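Every value quoted in this text rests on a predicted model; they were computed, and no experiment measured them. We're numbering straight along the sequence, starting at 1.
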Amino acid sequence: MSMITVAAVGCGAVLLASLMKGVKGEYGFFLALGAGLFIFFYGVQKLESIIQVIREIQQTIRLDNVYFVTLMKMVGITYIGEFASGICKDSGMSFLGSQIEIFGKLSILAVSAPVILALLKTLESFLGV
């Protein structure tokens with residue numbers, strides 16, 4: 001049911017924004033931005049159930065807490081980066097949106113570096129190198 005709600009809000013905002021283009025274009029942008037923020041925070045609420053499932057997996061396979069925190073940081077960076085990039089691209093600032101995407105990818109790489117190093121150390125111990 002929640003996907004129907006998000007789709008309805010998104011389509012309704014696009015239709016209203018299209019109608020407002022002829023009157024005041026900036027109002028249409030603000031309407032789309034408001035709908036985007038609504039969908040963003042609605043999506044953040046859904047992350048709670050995902051976090052619970054990941055915690056159950058973590059307890060089942062006894063995963064170190066560092067990996068869980070890193071995974072959540074990566075999901076957050078991705079979600080916020082894509083949202084901000086989309087807003088910039090929709091407002092005609094695609095260069096700025098692309099820069100946000102690049103920064104997000106670099107941030108994910110920086111956050112995941114300790115996990116990659118731990119993986120390499122684990123492989124090294126298995127291979128006996």
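Across every non-hydrogen atom of Ile39 and Val6, the tightest pair is CG2-CG1, 3.7 Å. Minimum interatomic distance between Ser85 and Gly97 (heavy atoms only, all atoms of both residues): OG-O, 3.1 Å. When all heavy atoms are compared, the tightest approach of Leu31 to Ala17 is CD2-N, 3.7 Å. Scanning all heavy atoms of the two residues, the minimum distance from Gly81 to Ile100 falls at O-CG2, 3.7 Å.
Hydrophobic clustering (ILVMFWY, side-chain heavy atoms < 4.5 Å, transitive): Ile80 and Val44 are in one cluster. When hydrophobic clusters are built by joining Ile, Leu, Val, Met, Phe, Trp and Tyr residues whose side-chain heavy atoms come closer than 4.5 Å, directly or via intermediates, Phe83 is grouped together with Phe30.
Lys89 NZ: more than 12 foreign heavy atoms inside a 6.0 Å radius.
With rounding to the nearest 0.5 Å, the separation of CG in Leu109 from CE in Met74 is 9.0 Å. Here the CD-CG distance, from Glu124 to Leu119, works out to 11.5 Å after rounding to the nearest 0.5 Å. Distance check: Leu37 CG to Leu33 CG gives 4.5 Å after rounding to the nearest 0.5 Å. From Ile87, atom CD1 reaches atom CG of Leu96 across 11.0 Å, with rounding to the nearest 0.5 Å. Rounded to the nearest 0.5 angstrom, Glu82 CD and Ile77 CD1 are separated by 12.5 Å. Between the OG1 atom of Thr78 and the CD atom of Glu101 there is a distance of 11.0 Å, given to the nearest 0.5 Å.
Considering only residues two or more places apart in sequence or on other chains, Tyr79 meets the ring pair (Phe, Tyr, Trp, His ring centres under 6.0 Å) condition with Phe40. Checked against side chain to side chain contact (heavy atoms under 4.5 Å, CB included), Ile102 has the following partners two or more places apart in sequence or in another chain: Gln99, Leu106.
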